[in-house]
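Working notes, beginning with the structure itself.
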Amino acid sequence: MTVLLDVRGLRVVFSGFVALDGLDLTVEEGELRFLIGPNGAGKTTLIDVVTGLTRPVAGSVRFGGTELVGRREHRIVRLGVGRTFQTATVFEELTVLENLDLAASFRLSLPSLLRKRRGVSDEVASALETAELTALADRPAGVLSHGQRQWLEIGMLLVQRPRLLLLDEPVAGMSKDERERTGELLQRIAATHTVVVVEHDMEFLRRYARKVTVMHQGRVLREGSVAEVQDDPEVREVYLGRSAVRGAAAEEVS
Amino acid sequence: MSSRIALALCVLLLAVAPFTLSPFRLGLLAKYLCFAIVAVGIALAWGQGGMLVLGQGVFFGLGGYAMGMYLKLSEAGSAGLPDFMVWSGVEELPALWKPFANPVFALAAVVLVPGLVAFLLGLLVFRQRVRGAYFAILSQALAAAFVILLVGRQGITGGTNGLTNFSRFFQLDLTDPNGQRAVYAIAAVVLGLVYLVARLVIRGRFGRLLVAVRDGEDRVRFLGYDPAVVKTVTFTMSAVMAGLAGALFVPIVGIISPALLGIVPSLELLVGVAVGGRFVLAGAIGGAILVNYAKTAFSEDFAEGWLYLQGGLFVLVLVFAPKGLAGLVTGARERLAARVRKERVA
């Protein structure tokens, strides 16, 4: 297996608060990796650094051998790293189709961008189908539900054909049914892509995760299969213990 | 369909105007058309791209001065010096002026100088992610600085008087009604062309991208686009349009001076677009013509009141019709369509 993402000694400090504290992480080509950890563990910060949104004070992020630290966001996307956000952000005034088309057109030159869109490319059509949004293609994205927005965002990611997908809490705030459909979508995507998922939802994790990385206070605490991680006493203490209580409470409420 | 009829009607009105309006009124209409050309650029930059351009007077002025310099030189006396230079004791033509004796150079400068200034400024500013109110203030400060520069270098620019006293525009005699009609026709055609270009830009993928940049600049970066490039290109287009308008303004009104380019005139350009509706090109054009017509009409009777009226109008529009008159029209049309649909169901 070849290493696709290689993070070494990453350190990020926000006005005194150490968000990442010498983090090391390796993701291999074709992997589906789940990143978990309590709030403030640095999961989203890690994604922010990889995608150029946050600059580290030290460390390196190599993607297929290329250093990403110091590159601007759109350059990193052009190298093949795509991401979604915790709160899905789509362009509400554009239609669903236009959102996807715009995402798919990012390699076009300026003169060809000035031209009008003609028809729908196969890629965009299949992304519409994957995201189950074909019926809503010509509606403004502003009318979409929370779950549909997440799927649209994932669809926008897929048409860009990234080599690495970073999904930040894709099922947060979703209904049970939506979660299940997202899980299926995730499995389909992971069959052909390298995917890193940040997720809080333990049930979702148990169902769909293969390899899990547990983060705590800006470092990697443990790495392994779901079962291995779940049985680890240290992990239970910092994360699963508290989360299991919270999860049980949430289930009782629902 | 109804918008096509409206468009045809506007073209018809503009076409019959030279034969029905007095030369004085036609001159005024031609002036409004110049402002409408600027308005198209503002609608592109502000309405579509979210860049609040408060200093379009700068680009209007660059185009205007480029044209004015050529016209002055083409009418210069035996010494080859424009009249105001003779009066202020300048003995040799300044180096800056020399190339403007060539009409091709001057015409190219009308487009290229505003375009280049906007392009360089845009790259500098948008790359540093200066946006929103900061960009607006910066563009306004630029207008103020430009006026100070023009007034300060009187020997080269004609100072506060600007460039004036033009009697010819290439082969056209500007004192003759036929010459004035021809200049009006040129302004109308340029407006039409600028409108078509802006419409193509808006309807293409680039237009969608521009709206995306307006609504979520940071998100656009993560689609692999550089918003700075998108904004710079659009800002440059709007500046070129303002430059063209300034160049046409010179033969139509017969003067270009700092008083026409500062903060207040730049804001007035914006008010027309806001009133008409910045999200719709036709709204911006109509608003620019309407507000400037109102300015003339009111100024004839009570000049002092106009500024207050204009300010009040601007506030009213921002509060009650943020999408301008065009927004009111589309809103009414949608309500009507909804009612028709409801009646059909019932």
Side-chain angles (χ1 to χ4, degrees), chain A residues 47-48 50-53 71-85 87-95 97-118 121 124 140-142 149 152-153 155-157 159-162 165-166 168, chain B residues 43-44 46-50 115 119 122-123 126-129 131 194 196-238 240 277-280 322-323 327 330 334:
Chain A
I47 290 191
D48 286 349
V50 173
T51 55
L53 193 59
R71 284 178 196 267
R72 296 200 290 153
E73 297 96 322
H74 69 278
R75 298 263 170 226
I76 294 176
V77 173
R78 282 166 181 266
L79 285 171
V81 181
R83 75 172 290 181
T84 63
F85 291 83
T87 40
T89 32
V90 296
F91 301 108
E92 302 194 352
E93 287 213 2
L94 305 187
T95 65
L97 181 60
E98 285 169 345
N99 268 280
L100 284 166
D101 180 72
L102 206 58
S105 308
F106 77 116
R107 288 193 194 280
L108 291 185
S109 67
L110 198 62
S112 36
L113 273 177
L114 283 168
R115 256 176 259 139
K116 217 172 157 178
R117 173 175 61 83
R118 304 228 174 273
S121 71
V124 169
R149 278 167 196 238
L152 175 56
E153 221 189 11
M156 286 162 75
L157 208 52
V159 293
Q160 300 204 305
R161 298 195 201 170
L165 285 86
L166 306 168
D168 198 355
Chain B
L44 205 57
W46 183 32
Q48 302 293 313
F119 181 76
L123 272 191
F126 297 132
R127 271 209 135 184
Q128 295 303 314
R129 305 191 183 176
R131 56 183 143 178
V194 162
L196 285 179
V197 168
R199 211 168 74 144
L200 274 177
V201 169
I202 290 173
R203 293 191 174 182
R205 275 198 177 104
F206 186 85
R208 307 287 83 198
L209 181 57
L210 188 58
V211 169
V213 168
R214 179 191 73 194
D215 294 345
E217 184 172 337
D218 294 316
R219 185 67 186 85
V220 167
R221 286 182 222 286
F222 292 99
L223 290 185
Y225 296 101
D226 187 355
V229 171
V230 178
K231 289 170 97 170
T232 303
V233 168
T234 311
F235 184 48
T236 304
M237 280 196 262
S238 83
V240 167
R278 66 182 191 271
F279 299 113
V280 182
K323 290 183 176 175
T330 12
E334 273 163 19

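In the text below, chain A, chain B and the rest are named by the order of the sequence lines, each starting its count at 1. Values below: all heavy atoms of this structure, side chains included; hydrogens, waters and symmetry mates excluded.
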- prompt: Side chain, backbone, both or neither: which part of V230(B) has a non-hydrogen atom closer than 4.5 Å to chain A?
  reply: neither
task: Only counting residues at least two apart or in another chain, list the ones meeting ring-ring contact (aromatic ring centres under 6.0 Å, His included) with F85(A).
output: F222(B)
message: Let's go through L114(A) and L200(B) carefully: what are the C-alpha distance in whole Å and the side-chain angles of both, what is the deciding distance for side chain to side chain contact (heavy atoms under 4.5 Å, CB included) to 0.1 Å, and is it a yes or a no?
response: CA-CA 8 Å; L114(A) 283 168; L200(B) 274 177; over 6 Å; no
- prompt: Relative to chain B, which segment of R72(A) carries a heavy atom at a distance below 4.5 Å: side chain, backbone, both, or neither?
  reply: side chain
message: Within the 4.5 Å heavy-atom criterion, are R117(A) and R208(B) side-chain neighbours or not?
response: no
message: Closer than 3.5 angstrom, by distance alone: can the side chain of Y225(B) be matched with the main-chain N or O of F106(A) as a donor-acceptor pair?
response: yes
query: Under a 4.5 Å heavy-atom cut-off, does chain B meet the side chain of I76(A), its backbone, both or neither?
result: neither
message: Counting heavy-atom pairs closer than 4.5 Å to chain B, which one of L110(A), D101(A), V90(A) comes out on top?
response: D101(A)
query: By side-chain hydrogen bond (donor to acceptor under 3.5 Å, both in side chains), which residues pair with T232(B), not counting sequence neighbours?
result: none
message: What I'd like to find out is whether the side chain of Q160(A) reaches to under 4.5 Å of the side chain of L223(B), using heavy atoms alone.
response: yes
message: Please give me the minimum heavy-atom distance between L94(A) and V211(B), naming the atom from each residue.
response: CD2-CG1, 3.9 Å
query: Do side-chain atoms of R221(B) reach the backbone of E73(A) as a donor and acceptor pair under 3.5 angstrom?
result: no
task: Verify the neighbour count for atom CZ of R131(B): are there more than 12 heavy atoms of other residues, nucleotides or ligands below 6.0 Å?
output: yes
message: So for atom CZ, which belongs to R78(A), do other residues, nucleotides or ligands contribute more than 12 heavy atoms lying within a distance under 6.0 Å?
response: yes
- request: Output the option from G207(B), G224(B), G216(B) having the highest count of non-hydrogen pairs under 4.5 Å with chain A.
  value: G224(B)
field: Contact origin within R83(A) toward chain B - heavy atom pairs under 4.5 Å
entry: both
- line: Note: L108(A) and R205(B) closest approach over all heavy atoms is CD1-NH1, 3.5 Å
